[in-house]
Amino acid sequence: HLVLGDLHYENIDSTDPARFVDAYGRALSTPAQSALARQAPTAYVWDDHDYGPNDADASFVGRAASRAAYRAAVPHYPVTPGDAPINQAFTIGRVRFVLTDQRSEHTADTMLGEAQKAWLLDELRTSSRSHALVVWVNSVPWIGPVSPGSDNWTGQPAERTEIADVIATEGIDNLLMLSGDAHMLAIDDGTNSDYSTTGGAGFPLFHTAALDRPGSVKGGPYSEGAIPGFGQFGVVEFVDDGGPSITVRLSGRNWHDEELLAYEHTFAVPSLG
């Protein structure tokens, strides 16, 4: 189970790590959340409402406390020790999952910070060659026109293009992005996700939300559409027989298990090294 941010909406504005730890406990003690957490392995990266207040970024006074609470209370894959972002990566089968922290390093000039950005670019370069598929778990919208001051990638066009240029120049064509924040199901087949200066950096993208919040639409356009709402989630199925291709099936569903959006894409597997 991948949690793409906003596990809770406590909007804590404090320098006390215990406040953040207690909030995790309250979220996971509700009957439905508790049952899910007990039944499914979970990887989780925060967004603003569970990192701090609404639109919280690197300037948040409780940044160190929030980071410390995450490390103490949340099971996670290896992260940089100390007061650092919570980016992490892991592998299942031939698929590499790369989780980035779009909140605690976010300033007016960067979404990721230089160290985390360098880590991400290295992961994209190396994992796209050593794995059949790379899944970038990015908590905020990627697609959309430039919007100065926005707290998603539309507010960081230069950095977005820098990352897209690496995708293009390195010939990375086995990348899938999973995103949250916007309270909608949305799928793009790669038509609108290319922000490189040369072209050739488009990749499929899947927005999955919201389980228990009112609907909203952010960014776009999305080639397969966008459906705002609550009680929504996404299922990603990987079909991999170890051969020269891997197929990904994306299914946007509601809590009645009705499929609202669907898309399937087959990726050619690079010569793995």
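The basis for the numbers below is simple: all heavy atoms, side chains too, and nothing from hydrogens, waters or symmetry mates.
- From R94, atom CZ reaches atom CG of D240 across 4.0 Å, with rounding to the nearest 0.5 Å.
- With a 4.5 Å cut-off on side-chain heavy atoms, L133 and R96 do not count as touching.
- Counting heavy atoms from C-beta on, the side chains of Y51 and S104 come closer than 4.5 Å.
- Using modelled atom types and a 3.5 Å distance limit, the side chains of D50 and H8 yield no donor-acceptor pair.
- When hydrophobic clusters are built by joining Ile, Leu, Val, Met, Phe, Trp and Tyr residues whose side-chain heavy atoms come closer than 4.5 Å, directly or via intermediates, V166 is grouped together with W153.
- Between R129 and E170, at least one side-chain N (NZ, or NE/NH1/NH2) sits under 4.0 Å from a carboxylate O, which counts as a salt bridge.
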Show the numbers, then the answer: is there a side chain to side chain contact (heavy atoms under 4.5 Å, CB included) between L250 and V248?
CA-CA 6 Å; L250 308 178; V248 176; 3.6 Å; yes
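- Taking CG from N54 and CG from D48, the interatomic distance works out to 5.0 Å, rounded to the nearest 0.5 Å.
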What's the verdict on side chain to side chain contact (heavy atoms under 4.5 Å, CB included) for V235 and E259, showing C-alpha distance, side-chain angles and the deciding distance?
CA-CA 10 Å; V235 175; E259 186 170 77; over 6 Å; no
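- You'll find the ring centres of H1 and Y44 outside the 6.0 Å limit.
- Under the 4.5 Å side-chain criterion, counting only non-hydrogen atoms from C-beta, V45 is in contact with V137.
- S128 and N174 form no side-chain donor-acceptor contact under 3.5 Å, judged by distance and modelled atom types alone.
- Counting only heavy atoms from C-beta outward, the side chains of T80 and W119 never approach each other to under 4.5 Å.
- Residues D109 and T107 have side chains that never bring a donor and an acceptor to within less than 3.5 angstrom of each other.
- Residues I227 and M184 are members of separate hydrophobic clusters, defined by side-chain heavy-atom contacts under 4.5 angstrom among Ile, Leu, Val, Met, Phe, Trp and Tyr.
- Proximity of the aromatic rings of W136 and F97 is defined here by a centroid distance below 6.0 angstrom, and this criterion is not met.
- With values rounded to the nearest 0.5 angstrom, D101 atom CG is found 6.5 Å from R67 atom CZ.
- V61 and I12 fall within a single hydrophobic cluster, where Ile, Leu, Val, Met, Phe, Trp and Tyr are joined by side-chain heavy atoms under 4.5 Å apart, directly or via other members.
- Linking ILVMFWY residues whenever their side-chain heavy atoms come closer than 4.5 Å, directly or via other members, leaves L178 and V140 in distinct clusters.
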Candidate pair K117 and E162, rule salt bridge (charged side-chain N to carboxylate O under 4.0 Å, His left out), full reasoning
CA-CA 10 Å; K117 180 170 63 179; E162 180 184 357; 2.8 Å; yes
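- Within the 4.5 Å cutoff, side-chain heavy atoms of Y195 are placed close to those of I143.
- The closest side-chain heavy-atom distance from I246 to V239 is not below 4.5 Å.
- Without hydrogens or angle criteria, Q88 side chain to Y77 main chain gives a donor-acceptor distance under 3.5 Å.
- A cation-pi contact links R213 to Y9, judged by a cut-off of 6.0 Å to the six-membered ring centre and 45° from its axis.
- E237 is not listed as a side-chain neighbour of S251, based on a closest heavy-atom distance of 4.5 Å or more.
- At a threshold of 4.0 Å, the pair R103-D151 counts as salt-bridged, since one of the basic side-chain nitrogens sits closer than that to a carboxylate oxygen.
- A donor-acceptor pair under 3.5 Å is absent between the side-chain atoms of T100 and the main chain of N138, judged by distance alone.
- When hydrophobic clusters are built by joining Ile, Leu, Val, Met, Phe, Trp and Tyr residues whose side-chain heavy atoms come closer than 4.5 Å, directly or via intermediates, V135 is grouped together with I187.
- Atom CG in L4 sits 13.5 Å away from atom CZ in F233 (nearest 0.5 Å).
- Applying the side-chain hydrogen bond (donor to acceptor under 3.5 Å, both in side chains) test between T191 and each of D189, D194, D188 identifies D189 as the sole match.
- By the 4.5 Å heavy-atom criterion applied to side chains, L211 and F230 are not counted as neighbours.
- Ring centroids of Y70 and H76 are separated by less than 6.0 Å, placing the two rings close together.
- Between the NE2 atom in H207 and the CE atom in M177 there is a gap of 8.5 Å [rounded to 0.5 Å].
- There is no side-chain donor-acceptor pair under 3.5 Å between H265 and T247.
- Atom CG of L99 sits about 9.5 Å away from atom OG of S139, to the nearest 0.5 Å.
- When atom types are taken as modelled, the side chain of S147 and the backbone of T154 share no donor-acceptor pair closer than 3.5 angstrom.
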So M111 and H106, side chain to side chain contact (heavy atoms under 4.5 Å, CB included) or not? Walk me through it.
CA-CA 4 Å; M111 181 71 72; H106 183 190; 3.8 Å; yes
